[in-house]
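Here is the structure we will look at.
What's counted below: heavy atoms across the whole structure, side chains too, no hydrogens, waters or symmetry copies. Along the sequence shown, the residues carry numbers beginning at 1. Predicted model only: the values in this text are computed from it and were never measured.
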Amino acid sequence: MRGRSDGGQKKRLIATLCAVAIFLGFLYVYYGSSSRGAADLGYGSKSLRKLGSSYLGGDDDTDGKQYESSTKFGQDEGEDIVPKTFPVCDDRHSELIPCLDRHLIYQMRLKLDLSVMEHYERHCPPPERRYNCLIPPPPGYKVPIKWPQSRDEVWKANIPHTHLAHEKSDQNWMVVQGEKIVFPGGGTHFHYGADKYIALIANVRPPLPTDFGSKAAMLNFSHNNLNNEGRIRTVLDVGCGVASFGAYLLSSDIIAMSLAPNDVHQNQIQFALERGIPAYLGVLGTKRLPYPSRSFELAHCSRCRIDWLQRDGILLLELDRLLRPGGYFAYSSPEAYAQDEEDLRIWREMSALVGRMCWRIAAKRNQTVIWQKPLTNDCYMEREPGTNPPLCRSDDDPDAVWGVPMEACITPYSDHDQKAKGSGLAPWPARLTAPPPRLADFGYSSEMFEKDTETWRHRVESYWNLLSPKIEDDTSRNLMDMKANLGSFAAALKSKNVWVMNVVPEDGPNTLKVIYDRGLIGTTHN
């Protein structure tokens, strides 16, 4: 009996302790969450506000008064305003890219074809898996180094990843020096500097004899300048690394869209943007790149490790879609010069493919070959019936890009380009303000274009005057126009030391081709 009585007392004691513990836990959760909410508000409104204030060169006290007045707005009328706050994301998510999150792909067990790079394309999380929090900066984050100094060095704390410096130490991609990461300007193919490599491309002469005899053109651009007196302005650099090629093109008045996937070198585009160089996360996989047809005068691939022969040459045909009439493809790779059996096979098959695409060798020297696209449709019409790759269907829209699968076909030129024997664009910088031919695709007149350009010139001048007490000329570098329309906002900033990523919504007028025709860059997005 005594044993059973002791057992009952123990049970009652345990039940009492559990009840007390639950009650204390409730109090902790209730009051703890309130204090955490206040902490989140403090982080989001004060600490980040302070960071923004110091970046803009503002005064903390003045900024604090503005903050206080903003939270009291409307309270004179008897209204209680409760600011909505968001928690700060876990530090593990300081580099989160929601639709390019490899962890999400693994967790959702998506069945993707790795051989065609489908796992590097956009895969957005369902609503229940989306983060609803503020992305924190990495520990020790500093105000970024200003352009143009940032081209050559950035703070290590801002992108705390040094594995590329060790992996590419023999290629001069980047070097760690104390608290900074330094970029000597090298690349896998141009160890001694992108500037020298660019000058070589600009002045490279074709070999004699060439595969096409006297038809082979010479680049031989004046003054070793790749912009060719303003005729080359927009460039696509595929597999760009840390974008040193694009960085050194800027001094030649050429703007490059530096493209690379979120792959094992996952921070390369992050480095590019921290340096102040135009760059974009993307991959030549199964979907069209988010740029309209005839957007670039030159495409570039330097040891980009892309299999151009796969799937009937579909990736090379995507470059063909993006190149303007007479555009160039500069290709630096072992296949262009090596003599082993495998490289020779690839070179023969690639030469045959581009020949059927009506590309011709403009120049070939050492490890680099430069092909040129035809100016008109004449060559396409002269091919033997049944020649592959075929021309794209007449109902195919070459400017539809958002989520559109690539096709292994040649995009013929429009009637305008065929008659003009080229794109009909003025050289840079005149093309920035000259009404482009494709303006007519939207029913816009030259007068409407000129009025839009002038309107935005006045608006940007007003913006700059409003901001001038807070910012210096070098405060801003990377800008984004979230609904760019004709790109006149970016055009109005030409004299400033900035570049603009022009974003055109995918569900509206596809005016991105007008933006590219003005010598600007951008992307389609939803």
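Considering all non-hydrogen atoms of both residues, A484 and I515 come closest at CB-CD1, 3.7 Å. P390 approaches N388 most closely through the heavy-atom pair CD-OD1, 3.5 Å. Listed here is the closest heavy atom pair of I269 and S258: CD1-O, 3.8 Å. Annotation for K513 and D441: closest pair NZ-OD2, 2.9 Å, computed over non-hydrogen atoms.
Between D417 and R438 no salt bridge is recorded (no basic side-chain N to carboxylate O distance below 4.0 Å). D396 and R288 are joined by a salt bridge, as a carboxylate oxygen and a charged side-chain nitrogen come within less than 4.0 angstrom of each other.
Between S488 and the options R457, E450, R518, a side-chain hydrogen bond (donor to acceptor under 3.5 Å, both in side chains) holds for only R518.
The shortest distance between side-chain heavy atoms of P436 and Y516 does not fall below 4.5 Å. Contact of the K156 side chain with the K180 side chain is not registered, since no non-hydrogen atoms from C-beta on lie closer than 4.5 Å. Two residues are said to be in side-chain contact when any heavy atoms from C-beta on lie closer than 4.5 Å; L316 and F329 meet this criterion. Contact check for D378 versus Q418: side-chain heavy atoms found under the 4.5 Å cut-off. Two residues are said to be in side-chain contact when any heavy atoms from C-beta on lie closer than 4.5 Å; S293 and D399 meet this criterion. Considering only heavy atoms from C-beta on, I159 stays 4.5 Å or farther from I181 through its side chain. Annotation: side chain of W402 is not in contact with side chain of K287 (no heavy-atom distance under 4.5 Å). Two residues are said to be in side-chain contact when any heavy atoms from C-beta on lie closer than 4.5 Å; L284 and M406 meet this criterion.
The backbone N or O of S295 sits less than 3.5 Å from a side-chain atom of T234, completing a donor-acceptor pair. At distances below 3.5 Å, not a single donor-acceptor pair connects side-chain atoms of H525 with backbone N or O atoms of P290.
Taking the six-membered ring for Trp and thresholds of 30 and 60 degrees, F296 and Y291 have ring planes more than 60 degrees apart, a perpendicular arrangement. Using cut-offs of 30° and 60° on the angle between ring planes, the pair W371 and W359 is tilted.
Residue M448 places its CE atom among more than 12 non-hydrogen atoms of other residues, nucleotides or ligands, all under 6.0 Å distant. When the shell of 6.0 Å around CE of M480 is examined, it contains 12 or fewer heavy atoms from other residues, nucleotides or ligands. Residue N377 places its CG atom among more than 12 non-hydrogen atoms of other residues, nucleotides or ligands, all under 6.0 Å distant.
Using modelled atom types and a 3.5 Å distance limit, the side chains of H161 and E95 yield a donor-acceptor pair. A side-chain donor from one of S332 and Y197 sits under 3.5 Å from a side-chain acceptor of the other.
Cation-pi geometry between R431 and W428 is not met at under 6.0 angstrom from the ring centre and within 45 degrees of the axis.
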Pair K451-E454, salt bridge (charged side-chain N to carboxylate O under 4.0 Å, His left out): steps then yes or no:
CA-CA 5 Å; K451 183 178 179 181; E454 186 64 15; over 6 Å; no

Between E382 and C358, does the side chain to side chain contact (heavy atoms under 4.5 Å, CB included) criterion hold? Intermediate values first, please. CA-CA 10 Å; E382 295 169 0; C358 294; over 6 Å; no

Salt bridge (charged side-chain N to carboxylate O under 4.0 Å, His left out) assessment of E341 paired with R345: CA-CA 6 Å; E341 187 175 336; R345 180 193 66 80; over 6 Å; no

